[in-house]
Amino acid sequence: MLLGCIGDDFTGSSDLANTLAKGGMRVTQYTGVPSGPADPSVQAGVVALKSRSIAPQDAVTMSLDALAWLQAQGCQQFFFKYCSTFDSTPDGNIGPILDALADALDAEMTIVCPAFPGTGRSVYQGHLFVNDKLLSESGMENHPLTPMTDPDIRRWLGLQTKSAIGHIGIADDAAAVEETLERERIAGHKHIVCDAIRDDDLIAIGMAGRDLKLISGGSGVALGLPANFGCVPDDVPWTGQPGKTIALSGSCSAMTRKQVAYHAKDHPSREIPAEEVLDGRLKPEEIADWLVAQHGVPLAYTSADPAAVARVQNLFGKEQSATALETFFGHVAHSARDAGATRIIAAGGETSGAIVEGLGLSELQIGPEIDPGIPALRASDNLVVALKSGNFGDVDFFEKADEVLGGR
């Protein structure tokens, strides 16, 4: 294994794996830290964790465990993947994990670059934009777990880390990036926020980071990494999976709500009332049976606007609500798979993580891209999945995912 990657959620990990696979690397995504060695053919291993929204010290422990396993596989460089909207709170978890990984690797300097222009995320003057809006005005300020109220990545990260933060602007090429990175290193800055508004910027940053022990960011900055290891872009092989498709959505992002509304016009759709899950009136088996009995691409969802989410959190508590709904989705997926579902589409980072854990999936093979940042994934000979971050995908994502998973 050449490149060892640690993702703080499951959808972000598959996003990164997708980028590396398109760049020509042989990639496997692992659910949690594996108990045994990787297949020797794997060039890039992505360890997917659920560390984004847990206690910072727990997130650090998980990440260091993943790092130790990746080091044992012989990796030459390491990548910490977080969301392209920098999902975190003033307490973490990005900063504490970055500090711990850098200390463990004795890394003098790390790149920090959440930009992903292909999905509308760019960093300019240290500020993160979602399309033409500052992060704090994009809807992410209403995220139920990690409300992003400050678009200045330097300032937000500064609340989370003990290390000095630097910044570099847009550079002409990899050589110019290297030169500015060296100036930041000499100035004593450890975590360097990098501006990027185009894919070319990200490729230059990735190339400039070829000798760094640790790189961090969204999947975009990984665009330049495969070439550093002598890999060349190639088509990702895929064989479609026949059978029954179901879709599950727990994301409350603006984009997912649009996708749910669009999909509901032509496909069976059923809202899962959060209150009925939390008070025990609604059972996972009921939703699973309904999904498997429908034609087309049936969708079950809890996706709701911020006011509805806040109402449920006020009634039942934020953590209790999130845990209960995630567990519910995991049970639904498990029951639906046992009832014959062979293609499962999930929307939402925490939801996807719960579904992967509920299905007991240990490794995922990377397939073709459905939408930017979202690959098809093969879990076994008779099960394929798609895991979507909340704000990713076009409005017709659910239909498109069904087509790609089925090889059509």
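Side-chain atoms are counted along with the backbone in the values below, which use heavy atoms only and exclude waters and symmetry mates. The residues of the chain are indexed from 1 along the displayed sequence.
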Practice task
Check the side chains of Asp91 and Thr89 for a donor-acceptor pair under 3.5 angstrom, ignoring hydrogens and angles.
Solution key: no
Problem - Selection residues 164-203 - residue pairs positive for ring pair (Phe, Tyr, Trp, His ring centres under 6.0 Å), sequence neighbours left out - result: none
Fill in the blank from the handout: Those residues at least two apart in sequence (or on a different chain) that pass salt bridge (Lys or Arg N to Asp or Glu O under 4.0 Å) with Arg185 are Glu108, Glu182
Problem - Derivation and outcome, side-chain contact (heavy atoms from CB on, under 4.5 Å), residues Ile153 and Ile165 - result: CA-CA 10 Å; Ile153 299 303; Ile165 297 170; over 6 Å; no
Practice task
Sort and list the pairs that fulfil ring pair (Phe, Tyr, Trp, His ring centres under 6.0 Å) and have at least one residue in residues 7-63, not counting sequence neighbours.
Solution key: Tyr30-Trp69
Exercise for the section: Mind listing the closest non-hydrogen atom pair of Ile97 and Ala59 along with its distance? Expected result: CD1-CB, 3.9 Å
Problem - ring pair (Phe, Tyr, Trp, His ring centres under 6.0 Å): pairs with one or both residues in residues 41-68, sequence neighbours excluded - result: none
Practice task
Report yes or no: do Lys388 and Ser249 form a side-chain donor-acceptor pair below 3.5 Å?
Solution key: no
Fill in the blank from the handout: The complete set of ring pair (Phe, Tyr, Trp, His ring centres under 6.0 Å) pairs with one or both residues in residues 38-58, sequence neighbours excluded, reads none
Exercise for the section: Inspect the contact between Glu178 and Arg210 and indicate whether a charged nitrogen and a carboxylate oxygen are less than 4.0 angstrom apart. Expected result: yes
Problem - Results of side-chain contact (heavy atoms from CB on, under 4.5 Å) for Thr323 - residues two or more places apart only - result: Thr327
Practice task
Please test Val112 against Tyr82 for side-chain contact (heavy atoms from CB on, under 4.5 Å), starting from the C-alpha separation and ending with a verdict.
Solution key: CA-CA 10 Å; Val112 176; Tyr82 39 76; 3.1 Å; yes
Practice task
Could I get the full list of salt bridge (Lys or Arg N to Asp or Glu O under 4.0 Å) partners for Arg52, not counting sequence neighbours?
Solution key: Asp8, Asp9, Asp87
Exercise for the section: Please report the shortest heavy-atom distance between Leu387 and Ser14, naming the atom on each side. Expected result: O-OG, 3.9 Å
Contacts table for residues 391-400: side-chain donor-acceptor under 3.5 angstrom, sequence neighbours left out:
residue, atom, partner, partner atom, Å
Asp394, OD2, Lys400, NZ, 2.9
Glu399, OE2, His267, NE2, 3.0
Lys400, NZ, Asp371, OD1, 2.7

Exercise for the section: Provide the full list of salt bridge (Lys or Arg N to Asp or Glu O under 4.0 Å) pairs with a residue in residues 159-177, sequence neighbours left out, each pair given once. Expected result: Asp103-Lys162
Problem - Residues which pass salt bridge (Lys or Arg N to Asp or Glu O under 4.0 Å) with Lys22, listed by chain and number, not counting sequence neighbours - result: Glu369
Handout entry: Sequence-distant partners of Glu363, salt bridge (Lys or Arg N to Asp or Glu O under 4.0 Å), two or more places apart
Key = none
Problem - For Gln76, all residues meeting side-chain contact (heavy atoms from CB on, under 4.5 Å), sequence neighbours excluded - result: Leu2, Phe229
Handout entry: Side-chain donor-acceptor pair present, Thr161, Asp99, cut-off under 3.5 Å
Key = yes
